[in-house]
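Here the structure is laid out as structure tokens; the discussion comes afterwards.
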Amino acid sequence: MDEEYDVIVLGTGLTECILSGILSMNGKKVLTMDRNPHYGGESSSITPLEKVYKKFDIPDGPPEGMGKGLDWNVDLIPKLLMANGQLVKMMLHAELTRYLEFKVVEGSFVYKGGKIYKVPSTETEALASNLMGIIEKQRFRKFLIFIANFDENDPKTFEGVDPKDTTMRDVYKKFGLGQDVMDFTGHALALYRTDDYLDEPCLETINRITLYRDSLSQFGKSPYLYPIYGLGELPQGFVRLGTTYGGTYMLNKPVDEIVVENGKVVGVKSKGEVARCKQLICDPSYIKDRVRKAGQVIRVFCILSHPIKDTNDANSCQIIIPQNQVNRKSDIYVCMISNAHKVAAQGKYLAIVSTTVETSEPEKEIAPALELLDPVDQKFIAISDLFESTDDGSKSQVFCSRSYDATTHFDTTFNDVKDIYKRVTGTDYVDFENMQRK
């Protein structure tokens, strides 16, 4: 192990594996190590079901009727992929789809007044939606037509909106859209976690809604995809990419010490050997003295014997409960998958509820979501701390990823990838097809 690398990556969570794959592809000499015997880190899948019961300290194990244990692949950090998003484009361009298979998620829903409704994202769906009254339907339809025609390079499509100056709040006002429509547009279409975006220039929101529409047009049922056999397949896909371009991967490698000289990382010691490096990327668990707690997430894993009501018996779906609908500061997310994605036994469904913790009673915070799932066969509850680095790594050349947040989509994770990539390389991340292969 006494070699020198451009970059050492500690941990094989999805963020770390994406970065190791990209950097290897761009000509960096990369070594990736993980203290665990398996890939995935926090973002791994657990199989069989017996291991899930053991992880959550339920001693009796699965009862009768849960099917074969090996039929279950339970993702600890459930995330859906936007069909036309950057992560999918990256995998297509890198030909990772030779190893991975995806299936469309059957529905995208939003919560209003205690009920759930299909997210309307086209002019036709807007007119048919029960989310809005007749007048609001017409207004929202005009808003969607504006989004569909908008071209940031053609001022004739702006309709009096300055994309770099007009706030999204003013755009909503221009089309006469009320609070409920703003809620599902901002949180279920544009996938914002808070309402801070309302007072920002509108271009980013317009682009996010356009991405949702473009992704929806790929398959029709929803804009989301999910891997067959679960998300644990994704890190391994990027490991294959890194290996193809000369990356080295080692599991079961304990990290004794991150070696620092004059305030800058120079290597990693494992079992008495030192691998030298110029830069280090890791997840927060490897540098506990360099991270701070940034909050908590509650995730409740629920096994059901039925699809969620009011979803047209969908085998898979996402439900977003906007913060304003339940008097919170953070949205609540529900991701439901099933045997259709080979993650649950036949006739069973796995629904994961997640949100950012805001009180001392996290379980009460997700009550509106659990009501949608009733009855629940089995519940597993996980409350996790969120960590972030205390510095940007510019001096130490140690770059730390963020803990995975409560969202059930990859938007924030991919933003973290792009942010670390820029700090490591000094250049902006560009679309994968434009990245130069070395």
Side-chain angles (χ1 to χ4, degrees), residues 8-22 32-47 51-57 72-81 87 100 193 226-227 229-239 242 249-255 258 280-301 333 335 337 343 350 352-357 362 380-389 398-420:
I8 291 180
V9 179
L10 300 181
T12 56
L14 183 58
T15 303
E16 288 72 37
C17 286
I18 291 175
L19 284 162
S20 66
I22 293 173
T32 303
M33 299 165 53
D34 196 323
R35 62 170 81 91
N36 297 304
H38 55 79
Y39 292 109
E42 272 192 73
S43 53
S44 59
S45 302
I46 301 181
T47 190
K51 276 192 178 180
V52 180
Y53 275 74
K54 187 175 181 180
K55 176 177 175 60
F56 289 97
D57 297 320
W72 294 84
N73 287 282
V74 178
D75 293 323
L76 296 179
I77 311 290
K79 299 272 186 184
L80 307 178
L81 293 86
L87 186 54
L100 301 169
R193 293 184 294 160
Y226 204 78
Y229 301 111
L231 290 177
E233 299 295 301
L234 292 187
Q236 295 186 65
F238 282 98
V239 167
Y249 293 82
M250 296 181 179
L251 298 178
N252 265 328
K253 292 296 287 185
V255 175
I258 294 173
L280 179 83
I281 298 171
C282 64
D283 71 47
S285 69
Y286 285 91
I287 51 168
K288 293 181 179 179
D289 59 330
R290 293 171 178 260
V291 297
R292 60 174 164 250
K293 184 177 173 181
Q296 286 185 311
V297 169
I298 179 170
R299 294 184 178 91
V300 181
F301 302 79
Y333 301 89
C335 170
I337 42 185
V343 295
L350 180 63
I352 303 99
V353 178
S354 56
T355 194
T356 303
V357 173
F380 309 96
I381 300 170
I383 298 175
S384 308
D385 290 337
L386 295 174
F387 294 101
E388 61 185 17
S389 179
V398 175
F399 305 94
C400 181
S401 62
R402 292 172 177 267
S403 301
Y404 297 102
D405 62 25
T407 59
T408 48
H409 49 78
F410 273 106
D411 186 56
T412 51
T413 299
F414 205 76
N415 285 342
D416 196 25
V417 168
K418 290 190 290 185
D419 179 49
I420 294 173

Practice prompt. Begin with the C-alpha distance, continue with both residues' side-chain angles, and end with the deciding distance and a verdict on side-chain contact (heavy atoms from CB on, under 4.5 Å) for Val52 and Trp72.
Written response: CA-CA 9 Å; Val52 180; Trp72 294 84; 5.8 Å; no
For [X], what residues pass the side chain to side chain contact (heavy atoms under 4.5 Å, CB included) criterion, not counting sequence neighbours?
X	result
Gln296	Lys293, Val357, Ile383, Asp385
Ser354	Arg299, Tyr333, Ala406, Thr408
Ala382	Phe56, Phe301
Lys55	Ile46, Leu76

Quick one: does [X]'s side chain get under 4.5 Å of [Y]'s, heavy atoms only?
X	Y	result
Thr47	Val74	no
Ile381	Ile298	yes
Ile18	Leu234	no
Val239	Tyr39	yes
Ile287	Val398	yes
Val255	Tyr286	yes

Is it the case that the side chain of [X] and the backbone of [Y] share a donor-acceptor pair, with hydrogens and angles ignored and the cut-off at 3.5 Å?
X	Y	answer
Tyr404	Leu14	yes
Asp75	Leu231	yes
Ser20	Cys17	yes
Asp405	Thr407	yes

If I take atom [atom1] from residue [X] and atom [atom2] from residue [Y], how far apart are they, to the nearest 0.5 angstrom?
X	Y	atom1	atom2	answer
Lys51	Lys54	NZ	NZ	8.5 Å
Gln236	Ser45	CD	OG	9.0 Å
Ile77	Ser384	CD1	OG	6.0 Å
Phe414	Asp419	CZ	CG	12.5 Å
Asn73	Ile337	CG	CD1	9.0 Å
Asn252	Asn36	CG	CG	8.0 Å

Practice prompt. List for me each residue that meets side-chain hydrogen bond (donor to acceptor under 3.5 Å, both in side chains) alongside Ser43, sequence neighbours excluded, and say none if there are none.
Written response: none
For [X] and [Y], work out which heavy atoms get closest and say how close.
X	Y	result
Thr32	Gly11	CG2-O, 3.8 Å
Cys335	Pro78	SG-CB, 4.2 Å
Arg193	Thr412	NE-CG2, 3.8 Å
Ala294	Glu388	CB-CD, 3.8 Å
Cys400	Ile420	O-CD1, 4.0 Å
His409	Lys79	O-CD, 3.2 Å

Practice prompt. Take Ser401 and Glu16 through the test side-chain hydrogen bond (donor to acceptor under 3.5 Å, both in side chains) and record every step on the way to the result.
Written response: CA-CA 8 Å; Ser401 62; Glu16 288 72 37; 2.5 Å; yes
Item to complete: Consider only side-chain N and O atoms of Arg35 and Ser285, and report whether a donor and an acceptor are under 3.5 Å apart.
Response: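 Yes, because at least one side-chain N or O of Arg35 sits under 3.5 Å from a partner of the opposite role on Ser285.
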Discussion item. Run Thr12 and Asp34 through side-chain hydrogen bond (donor to acceptor under 3.5 Å, both in side chains) and show every step you take.
Written reply: CA-CA 6 Å; Thr12 56; Asp34 196 323; 2.5 Å; yes
Worksheet item: Mind checking what makes salt bridge (charged side-chain N to carboxylate O under 4.0 Å, His left out) contact with Arg290, not counting sequence neighbours?
Response: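 With neighbours one apart ignored, the set is empty.
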Fill in: Thr15, Ile8, Leu19 screened by side chain to side chain contact (heavy atoms under 4.5 Å, CB included) with Ile281, the one that passes
Leu19
Item to complete: Give the intermediate values and the outcome of side-chain contact (heavy atoms from CB on, under 4.5 Å) for residues Thr355 and Val297.
Response: CA-CA 6 Å; Thr355 194; Val297 169; over 6 Å; no
